[in-house]
Amino acid sequence: MPELPEVEVVRRGVARWVVERTVEDVEVVDPRSLRRYTDGPEDFRRELTGLTVVDACRRGKFLWLPVRAADGSEPSRALLVHLGMSGQLLVSSPEHPRPRHERIRLELSPALDESGQPLPEQLRFVDQRIFGGMLLDRLVPASDGHGTVPEHAVHIARDPLDPLFDVAAFHAALRRRRTGLKRALLDQGLISGIGNIYADEALWAARLHWAAPTETMTAPRTYTLVAACQEVMRRALDAGGTSFDSLYVNVNGESGYFSRSLNAYGRAGQPCPRCEAGGDDGVIVRERFANRSSYRCSRCQRRPRRFRP
DNA sequence: CCTGCTGCCTGCAAGC
DNA sequence: TGCTTGCAGGCAGCAG
């Protein structure tokens with residue numbers, strides 16, 4: 001499941017291998033990957049063909065490639081990509097067999113790498129579960145006035161690794177909410193890039209309970225929580241960034257995910273890595289939350305007096 | 001406006 | 001063995 005660090009790894013791969021290349025053709029293998037996005041596969045193909053990728057941008061888990069027309073004008077549109085649960089972007093050669101779940105394929109103009117070798121000429125969107133998708137979208141001014149964002153991502157908040165992320169504003173917004181802490185962390189309009197795994201990891205690192213009411217958060221606690229989010233994601237990014245050589249591992253969004261080490265998520269019944277010396281307390285427990293699982297330490301993430309599930 | 005629930009998807013694992 | 005059920009999860013859309 002790609003979260004922010006995985007998407008950032010993909011963004012870097014796209015920046016390196018795809019920017020400055022022109023889309024020469026498009027094959028929509030499965031139109032469901034354009035779900036509620038365009039006027040249909042034919043329109044998508046017609047509009048995208050001939051455009052040149054000029055950049056690779058990201059906000060939270062949304063990735064977009066601003067494109068310019070052949071006349072060289074400033075980009076007014078972008079190819080917006082969301083990897084959903086199982087999406088991958090692969091840069092590969094035409095002779096490479098079609099992956100089982102390939103949904104969209106772009107033919108790219110020829111290009112050479114740093115050592116003069118020809119680069120693969122296809123960008124493939126592979127997505128087993130079709131929770132992700134693509135869209136050719138209009139670029140609009142960001143809601144805080146800094147830069148542009150695709151129209152379908154304008155409601156997404158800045159993520160904690162964004163230099164323009166505003167902790168004080170996040171704290172104020174958190175205090176206005178009437179919900180539990182984990183729901184707030186998963187709300188991409190409040191803070192973006194955090195999914196179920198990193199929410200649990202960040203809450204564990206900050207020693208906070210998932211059901212703590214947001215309106216009771218103090219500024220120091222919010223700062224601790226944001227720092228924990230940044231720490232957890234930066235560590236995953238460092239791990240994912242190390243296996244950056246192969247084209248495949250590079251642009252497929254998996255490297256960070258499989259090499260991350262987890263302290264709480266998925267560790268039900270195991271001793272808490274922080275307070276394992278403590279006996280039967282200090283154990284990771286699994287609890288149901290909003291039709292999914294939450295993992296926390298029974299000792300260092302105590303249930304709050306007030307409880308917002 | 002705010003909050004929280006449902007449905008979209010596929011493949012795997014567990015249970016009968 | 002072969003079926004059914006549950007689980008994984010981000011996010012758009014919608015109900016209250």
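Bear in mind the structure is a predicted one, so any value in this text is a computation, not a measurement. The figures that follow rest on heavy atoms only: side chains count, while hydrogens, waters and symmetry mates do not. Protein chains get the first letters and strands the later ones, always in sequence-line order, with residue 1 at the start of each.
Atom NE2 of A:H152 and atom P of C:dA12 are 9 Å apart (whole Å). A straight line from OH of A:Y198 to P of C:dG10 spans 12 Å, rounded to a whole angstrom. Between the CG atom of A:L63 and the C1' atom of C:dG10 there is a distance of 15 Å, rounded to whole Å. Taking atom NE2 on A:H155 and atom C1' on C:dG10, their separation rounds to 11 Å, with Å as the unit. Between A:E102 atom CD and B:dT10 atom P there is a gap of 16 Å when expressed in whole angstrom units. For A:L83 and B:dC9, the CG to P distance is 18 Å, given to the nearest whole Å. The interatomic distance linking A:L190 (CG) with C:dG10 (P) rounds to 16 Å, in whole Å. Nucleotide B:dC2 holds its P atom 15 Å from the CD atom of A:E215, rounded to whole Å.
Within the 3.5 Å criterion, the main-chain N or O of A:Q301 finds no donor-acceptor partner in the side chain of A:R299. Looking at A:E107, its side chain never comes within 3.5 Å of a backbone N or O of A:Q122 through a donor-acceptor pair.
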Which atom pairs link the protein and nucleotides 12-14 of chain B when you take only N or O atoms and keep those under 3.5 Å?
none

All N/O pairs under 3.5 Å across the protein-nucleotides 4-8 of chain C interface:
{"from": "C:dA8", "atom 1": "OP1", "to": "A:R286", "atom 2": "NH2", "distance (Å)": "3.0"}
{"from": "C:dA8", "atom 1": "OP1", "to": "A:S293", "atom 2": "OG", "distance (Å)": "2.8"}
{"from": "C:dA8", "atom 1": "OP2", "to": "A:R288", "atom 2": "NH1", "distance (Å)": "3.4"}
{"from": "C:dA8", "atom 1": "O3'", "to": "A:Y265", "atom 2": "OH", "distance (Å)": "3.3"}
{"from": "C:dA8", "atom 1": "N3", "to": "A:R129", "atom 2": "NH1", "distance (Å)": "2.8"}

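Listed in residue order, the members of residues 175-188 of chain A having a heavy atom less than 4.0 Å from DNA chain B are A:R177, A:R178, A:T179, A:R183.
For the strand DNA chain C, secondary-structure stems (runs of at least three Watson-Crick or G-U pairs, all distances below 3.5 Å) span B:2-16 with C:2-16.
Residues passing the salt bridge (Lys or Arg N to Asp or Glu O under 4.0 Å) test with A:D166: none are found, sequence neighbours excluded. For A:D30, the side chain to side chain contact (heavy atoms under 4.5 Å, CB included) partners at least two apart in sequence or on another chain are A:R32, A:R103, A:I130. When the side chain to side chain contact (heavy atoms under 4.5 Å, CB included) test is applied to A:R177, the partners found at least two apart in sequence or on another chain are A:T179, A:D187, A:L190, A:T214. Residues passing the salt bridge (Lys or Arg N to Asp or Glu O under 4.0 Å) test with A:R124, sequence neighbours excluded: A:E102. By the salt bridge (Lys or Arg N to Asp or Glu O under 4.0 Å) test, A:E114 pairs with A:R16, sequence neighbours left out. Every residue two or more places apart in sequence or in another chain that forms a salt bridge (Lys or Arg N to Asp or Glu O under 4.0 Å) with A:E20 is listed here: A:R68. Checked against side chain to side chain contact (heavy atoms under 4.5 Å, CB included), A:E27 has the following partners two or more places apart in sequence or in another chain: A:V29, A:R98, A:R105.
One finds no salt bridge joining A:R46 and A:E42 here, because no Lys/Arg side-chain nitrogen approaches an Asp/Glu carboxylate oxygen to under 4.0 Å.
Side-chain nitrogen and oxygen atoms of A:H101 include none within less than 4.0 Å of the OP1 or OP2 phosphate oxygen of B:dT10.
Below 30°, between 30° and 60°, or above 60°: for A:W210 and A:F307 the angle between ring planes is above 60°, a perpendicular geometry.
When distances run from any side-chain atom of A:R103 to the nucleotides B:dC8, B:dT10, C:dC11, the shortest one goes to B:dT10. Side-chain proximity of A:R100 to B:dG11, C:dC11, C:dA12: nearest is B:dG11.
Cluster annotation: A:F165 is connected to A:V232 through the hydrophobic network of ILVMFWY side chains, with a link wherever side-chain heavy atoms come within less than 4.5 Å. A continuous path of Ile, Leu, Val, Met, Phe, Trp and Tyr side chains, each step under 4.5 Å between heavy atoms, connects A:L65 with A:L119, placing both in one hydrophobic cluster.
Residue pairs meeting the salt bridge (Lys or Arg N to Asp or Glu O under 4.0 Å) criterion with at least one partner in residues 196-219 of chain A, sequence neighbours excluded, are A:K182-A:D200, A:E215-A:R306, A:E215-A:R308.
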